[in-house]
Novice: 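Pasting a structure below so you can have a look.
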Amino acid sequence: MPLPRRAMRWLALGLAATLATLGLTACSGSDDKGSTGASATVSQADIDKAMQTPTELTFWTWVPDIQKEVALFQRKYPAIKVNVVNAGQGQPHYQKLRTALTAGSGAPDVAQIEFQNIPTFTLTNNLLDLRPYGAGALKDQFVDWTWGQVTGKDGQVWAIPQDTGPMGMLYRQDIFDKHGITPPKTWAEFADAARKLHAADPNVYLTNLAASGSGVWMGLAWQAGAKQFEYSGGEKIGVSVNNATSKKLADYWGGLVKDGVVSTDPDFTDQWYQGLNQGKYATWLAAAWGPVFLSTSAKDTSGKWRAAPLPQWNAGENKAGNWGGSTSAVIKTTKNPIAAAKFAEFLNTDAESTMMLATQQFLFPPTKSTLTNPTFVGQKPEFYGGQQVNELFVQISGTVSTEFQWPPFIDQASNDWNETVGKSLADKSDTGAALDQWQERVTSYAKSQGFTVK
Amino acid sequence: MSALTAAVPRRRRDASRRAAVGYLFVAPFLVIFVAMLVVPLVYAGYLSLFREQLIGGTSFAGLDNYTRAFGDERLWQGVARVGVFFLIQVPIMLVLALAFALALDSGVLWLSRLFRLGFFVPYAVPGVVATLMWGYLYGPEFGPVAQLFEKLSLDPPNLLGSDLMLGSIANVVFWEFTGYNMILLYAALRAIPTELYEAAAVDGAGPWRTAWSVKIPALRPALLLALIFSVIGSFQLFNEPQLLQRLAPNVIDSAFTPNIYAYSLAFTSQDLNYAAAVSFLLGLVIVAVSYTVQLGANRRRT
């Protein structure tokens, strides 16, 4: 029958045509659209004009209730409308962002990007340098290390810091009182308390080290001074996640987990919230934004929590680590760079906006003015039984070392942590060996992506 | 110019006009089929021949991605895992579906319509909802199953632990798809000509013998269809483990099943090209297994 053959010929032709067009479009490559060198300052006249022009901005964020702060911006600049979109929290948000950027359409104007994810997006040249829009002048308003994290190799300002996550130890006063424990000041004391507590009550653990929580691990490594990653842009990267300090951390926590005195339930799951509610964990090594989760999901425990600095490795020291914290960054493909840059600036520097974020959404501020504002410092949340937690976290915030760097593939590194170190914690196997595995995985991934690993 | 040669062109013209109308009818489907299935497939194949690095950009890699995939231990462990899943879960599910379909057909069950609906409803529940619900039921300390065990003073099994995880996923898949397969088989049972039953009754066959010798052989094509669907479904296992990963992130890693591996390669490791190659290889494996299954079934027939 000649007909099927004719049909096949047409199909083949059609396919060849589509393939050819696809090939042409794919090969044309659109990597370097937009000028990379132009950092000439935009004049105030241009800025004013742009802020009066009717514009629509899209803002991707997962901060609950941020519409309140956005409303403040819209009140000041009525010509600009901001659409707030929640594209997921953490990894799903970044995956969608990357997909939209690769596809070339659908990316927002402004996006929430955590500190550790900034290198991922600067490597692929997706963020807009905010210096031409006056961001350079904002430097002194922010705590040093936060500004360091958003500054590029050549002085570019990639994002405006929004909140930070200085780590502390949130503990249950009632459980401590019941078993006669005082908040440990060193990790050695912490280990002793863990053993004593679990022996007295096998249903309670001094803390939970989530086997899915690479964020906490990095924060603790930050505190211990382990320089895990060395990366400041370009193709050279240093990876030493299994250095001596990290091994010390692994021995410490591996030991506690093997003895069964610290649990390893994945965090932010139903079971974990149940555990918190039932008093299964006596402490939570958390960041300053921790309370916002507890106050909604562990409401029954309200009033029983207190905060203290993390235990130290050496008595008398005062060092802390950071877990999380976000910024507002402008995506390079935006059609409204001036409006977007000014929005990011307003959201995170306007006095009313920052105070609202700090007191109503419990985001720990990176702005010096809010950190010294008596209203903020003197807050006595009922959740902490009236303790002035903000004052404590302000002190802690000042002790976070400024020398922490992130690799430009943090999602991959975190996943690898889950599958090596996290797994060893859950299985109670050798955490030190798992650290070596993690090192191996990260290095081979870096090499396969073309990096030169120091 | 004989009458014969004059007639031939007209017949060919009629035939080609009929063919054109036929293609016109199929065109809407064909357009969507080509745009949504063929083009992405071709594009993925095209992508799999390249390599994109974070440093260094895109370069032509030929069949390097496929060579890498062949030697990738994690990929083949995932394939083995879904293979084991298929070998254990599918026969049990099909036997159950067959048993339910036969029971419904025999008219033994009263309220058969209710049972039919009841078995089928889980299939109507979206996979995401089903998995989240079962994830809650499986909760190691506060889930209902664990609490039941504790009430009986027994050690609750860790249903989300590495030994039982595959079984727990299989349970969710049973719950979701047994009804679907049952409906498939029940419909085929309804289509069996009644003369066969009369002949069997004349030969003195009771209900069990009828089921074994008349109904099941007549169901062979439907069983084969259900089997092929199950092959494809089990090898492409993704929804259930992906959703349970949040609850057991150390048991379900990023290469637990080949589809999860391809997904994490594309969206976490940002290695779209290798992900495309892995997907094609998985497709090949599924084609190979389906073909083997069909061969086996057809050979038994003759």
Side-chain angles (χ1 to χ4, degrees), chain A residues 2-3 6-7 10-11 14-15 18-19 22-23 26-27 29 31 91-92 94-96 98-99 102 120 123-124 210-213 234-237 264-266 268-271 273-275 277-278 280 408-409 411-412 414-416 418-419 422-427 445-446 448-452, chain B residues 12 15-16 18-20 22-23 26 30-31 34-35 38-39 41-43 45-47 50-60 68 74 132 135-136 138-143 146 160-162 245-256 263-272 274:
Chain A
L3 296 167
R6 217 192 300 152
W10 276 112
L11 201 61
L15 280 176
T18 26
L19 184 56
L22 280 171
C27 284
D31 288 317
Q91 268 207 23
Y94 299 119
Q95 281 173 1
K96 286 192 194 108
R98 276 198 291 267
T99 311
T102 314
T120 310
L123 176 69
T124 45
S212 60
E235 60 169 58
K236 288 215 184 70
I237 185 171
T264 55
D265 307 326
F268 303 104
T269 59
D270 278 337
Q271 193 204 328
Y273 285 123
Q274 294 264 28
N277 273 313
Q278 311 263 8
K280 181 176 171 191
F409 41 78
D411 284 344
Q412 173 73 25
S414 302
N415 263 12
D416 286 337
N418 279 353
E419 292 171 16
K423 190 162 159 62
S424 77
L425 289 172
D427 293 344
Y445 177 78
S448 80
Q449 288 290 334
F451 289 96
T452 321
Chain B
R12 210 183 285 153
S16 55
R18 263 204 304 272
Y23 282 116
V26 186
L30 216 56
V31 164
V34 168
V38 177
V39 169
L41 218 64
V42 169
Y43 186 52
Y46 167 79
L47 275 179
F50 284 78
R51 185 182 181 186
E52 188 180 336
Q53 297 176 301
L54 285 175
I55 305 278
T58 319
S59 55
F60 183 73
R68 181 177 158 200
R74 297 182 78 203
L132 290 175
Y136 161 70
Y138 288 152
E141 268 170 69
F142 305 104
L160 294 174
S162 43
Q245 191 180 46
R246 259 192 70 242
L247 302 173
N250 309 107
V251 177
I252 298 182
D253 63 353
S254 56
F256 194 73
Y263 177 85
S264 64
L265 279 173
F267 295 105
T268 307
S269 309
Q270 298 173 256
D271 205 345
L272 283 163
Y274 187 48

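Chain identifiers are assigned alphabetically (A, B, ...) following the order of the sequence lines, protein sequences preceding nucleic acid strands; residue numbering begins at 1 within each chain.
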Novice: Please classify the contact of A/K96 with chain B as side chain, backbone, both or neither, using a heavy-atom distance under 4.5 Å.
Specialist: neither

Novice: Please tell me if the side chains of B/Q270 and A/T102 come closer than 4.5 Å, counting only heavy atoms from C-beta onward.
Specialist: no

Novice: Distance only, no hydrogens: is a donor on one side chain within 3.5 Å (strictly under) of an acceptor on the other, for A/Q412 and B/S269?
Specialist: yes

Novice: With a 4.5 Å heavy-atom cut-off, do B/N250 and A/D427 have their side chains touching?
Specialist: no

Novice: Please rank A/A211, A/A426, A/S414 by heavy-atom pairs under 4.5 Å with chain B and give me the top one.
Specialist: A/A211

Novice: Select, from A/T269, A/D270, A/D411, the one with the greatest count of heavy-atom pairs under 4.5 Å involving chain B.
Specialist: A/T269

Novice: Identify which of B/S264, B/P140, B/S162, B/G139 forms the greatest number of heavy-atom pairs closer than 4.5 Å to chain A.
Specialist: B/P140

Novice: Heavy-atom distance under 4.5 Å to chain B: side chain of A/Y94, backbone, both or neither?
Specialist: neither

Novice: With side chains defined as the heavy atoms from C-beta onward, is the minimum distance between A/L123 and B/I55 less than 4.5 Å?
Specialist: yes

Novice: Compare all side-chain heavy atoms of B/V251 with those of A/K423 and state whether any distance is below 4.5 angstrom.
Specialist: no

Novice: Quick check: do B/Q53 and A/F451 have side-chain heavy atoms less than 4.5 Å from each other?
Specialist: no

Novice: Between the side chain of B/R246 and the main-chain N/O of A/P266, is any donor-acceptor distance below 3.5 Å?
Specialist: no

Novice: Give a yes-or-no answer on whether the side chains of B/S254 and A/E419 include a donor-acceptor pair shorter than 3.5 Å.
Specialist: yes

Novice: Once rounded to the nearest 0.5 Å, what's the spacing between atom CZ of B/R51 and atom OG of A/S448?
Specialist: 6.0 Å

Novice: Between atom CG of A/N418 and atom CD1 of B/I252, what is the distance when rounded to the nearest 0.5 Å?
Specialist: 12.5 Å

Novice: Which value, rounded to the nearest 0.5 Å, describes the distance between A/Q95 atom CD and B/Y263 atom OH?
Specialist: 4.5 Å

Novice: Could you grab the distance from atom OH of A/Y445 to atom CG of B/L54, nearest 0.5 Å is fine?
Specialist: 5.0 Å

Novice: So which of A/Q274, A/Q91, A/K280, A/E235 has the biggest tally of heavy-atom pairs under 4.5 Å with chain B?
Specialist: A/Q274

Novice: Kindly compute the distance separating OG1 (A/T99) from CZ (B/F267), expressed to the nearest 0.5 Å.
Specialist: 5.0 Å

Novice: Between B/L247 and A/Q271, is any pair of side-chain heavy atoms under 4.5 Å apart?
Specialist: no

Novice: How many angstroms lie between atom CZ of B/F142 and atom CD of A/Q278, to the nearest 0.5 angstrom?
Specialist: 5.0 Å

